[in-house]
Number of protein chains: 2
Amino acid sequence: MKKLNPLLHQELRLSIISFLANVEWVEFNKLLEATSASKGNLSVQLKKLETADYIEIEKSFKDNYPLTRCRMTELGRDELESYIQTLKSMLDI
Amino acid sequence: MKKLNPLLHQELRLSIISFLANVEWVEFNKLLEATSASKGNLSVQLKKLETADYIEIEKSFKDNYPLTRCRMTELGRDELESYIQTLKSMLDI
DNA sequence: AAATTTGGTTTATATTATAAACTAGTTTAT
DNA sequence: ATAAACTAGTTTATAATATAAACCAAATTT
């Protein structure tokens with residue numbers, strides 16, 4: 001039985017990654033809304049995904065305010081695909 | 001976005017449940033082999049699943065040794081099905 | 001110019017997972 | 001018959017992880 005990637009096998013990070021899978025650059029606040037996470041938790045989990053190179057984080061300013069955007073990397077996409085395959089075989093779906 | 005049942009969204013417990021989904025009564029040692037877990041971890045996670053009534057645990061003796069068998073309950077089966085549906089919608093699969 | 005809001009980050013705490021240590025007994029070798 | 005080794009687990013101490021509360025810097029509103 002193949003092991004589930006523990007970085008992806010966590011609800012918030014999986015929500016983030018599966019959300020990012022369908023779009024390009026997404027703002028922090030958009031993810032906040034999409035995932036219903038707290039800001040602190042979202043910040044921490046985004047950094048973990050970034051550290052693993054599953055997403056990239058780009059910081060800028062918009063209308064004078066800091067603005068953080070994220071998008072998935074190729075590695076992130078590959079790992080998600082692989083995670084899904086593992087799940088499918090585990091669950092027979 | 002529906003929440004993933006945290007009792008099932010854990011690798012070992014998910015392995016246990018998805019293994020039990022396809023069989024009837026299974027012995028502790030069989031699960032040990034099927035999941036490659038440590039005995040302690042398996043014992044703990046089985047108890048959690050039993051506490052939630054997702055599985056039942058039956059203790060007996062075989063050839064003088066204690067023997068523990070488990071099987072899934074109807075609730076366990078329902079919750080697994082529901083977990084899979086949530087995952088599918090989350091991951092678009 | 002004080003109070004509030006925005007857009008986050010850091011960090012302390014709570015939760016969870018895991019493996020090491022233990023229990024209780026059985027079998028085997030001496 | 002008794003010590004050593006093994007079976008089949010459980011308990012518990014520690015490690016890892018998740019989460020939210022507290023914080024920060026700057027911008028805006030009053």
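Reminder, nothing fancy here: chain letters follow the sequence lines and each chain counts from 1.
Rounded to whole Å, the distance from CD on B:Glu11 to P on D:dA18 is 13 Å. Spacing between atom CG of B:Leu14 and atom C1' of C:dA17 amounts to 15 Å, rounded to whole angstrom units. For the pair A:Lys3 NZ and C:dT18 P, the computed distance is 7 Å after rounding to whole Å. Atom CG of A:Leu4 and atom P of C:dA17 are 14 Å apart (whole Å). Here the C1' atom of nucleotide D:dA16 and the CD atom of A:Gln45 are 13 Å apart, to the nearest Å.
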Just the table, please: protein N/O against nucleotides 14-16 of chain C N/O, every pair under 3.5 Å.
none

Contacts under 3.5 Å, N or O only, protein and nucleotides 8-14 of chain D:
{"residue": "D:dA8", "atom": "OP2", "partner": "B:Asn29", "partner atom": "ND2", "Å": "3.0"}
{"residue": "D:dA8", "atom": "O3'", "partner": "B:Pro66", "partner atom": "O", "Å": "3.2"}
{"residue": "D:dA8", "atom": "N7", "partner": "B:Lys39", "partner atom": "NZ", "Å": "3.4"}
{"residue": "D:dG9", "atom": "OP1", "partner": "B:Thr68", "partner atom": "N", "Å": "2.8"}
{"residue": "D:dG9", "atom": "OP1", "partner": "B:Thr68", "partner atom": "OG1", "Å": "2.3"}
{"residue": "D:dG9", "atom": "N7", "partner": "B:Lys39", "partner atom": "NZ", "Å": "2.9"}
{"residue": "D:dG9", "atom": "O6", "partner": "B:Lys39", "partner atom": "NZ", "Å": "3.4"}
{"residue": "D:dT10", "atom": "OP1", "partner": "B:Lys59", "partner atom": "NZ", "Å": "2.5"}
{"residue": "D:dT10", "atom": "OP2", "partner": "B:Ser43", "partner atom": "OG", "Å": "2.4"}
{"residue": "D:dT11", "atom": "OP2", "partner": "B:Lys47", "partner atom": "NZ", "Å": "2.6"}

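Side-chain polar atoms of A:Tyr54 and A:Asp78 form no donor-acceptor pair below 3.5 angstrom. Between the side chains of B:Asn41 and B:Gln45, a donor-acceptor pair is found at a separation under 3.5 Å.
A single hydrophobic cluster is not seen to contain both A:Leu49 and A:Trp25; linkage of ILVMFWY side chains at heavy-atom distances under 4.5 Å, directly or through other members, places them apart.
Residue B:Ser60 comes nearest to B:Arg69 through the heavy atom pair OG-NH1, 3.9 Å, listed as atom of the first residue, atom of the second, then distance.
In terms of position on DNA chain D, the residue among A:Leu12 and A:Asp63 whose nearest nucleotide sits closer to the 5' end is A:Leu12.
Between the CG atom in A:Asp92 and the OG atom in B:Ser18 there is a gap of 8.0 Å [rounded to 0.5 Å]. To the nearest 0.5 angstrom, A:Lys39 atom NZ is 14.5 Å from A:Leu31 atom CG.
Proximity of A:Asn64 to the phosphate of D:dT28: a side-chain N or O atom is located under 4.0 Å from OP1 or OP2.
Under a 3.5 Å cut-off, the side chain of B:Asn5 and the backbone N or O of B:Leu7 do form a donor-acceptor pair. Judged by distance alone, the side chain of A:Gln10 and the main-chain N or O of A:Leu12 form a donor-acceptor pair under 3.5 Å.
In this entry C:dG8 has D:dC23 as its Watson-Crick or G-U wobble partner, both defining distances falling under 3.5 Å.
Residues passing the salt bridge (Lys or Arg N to Asp or Glu O under 4.0 Å) test with A:Lys3 are B:Glu11, sequence neighbours excluded.
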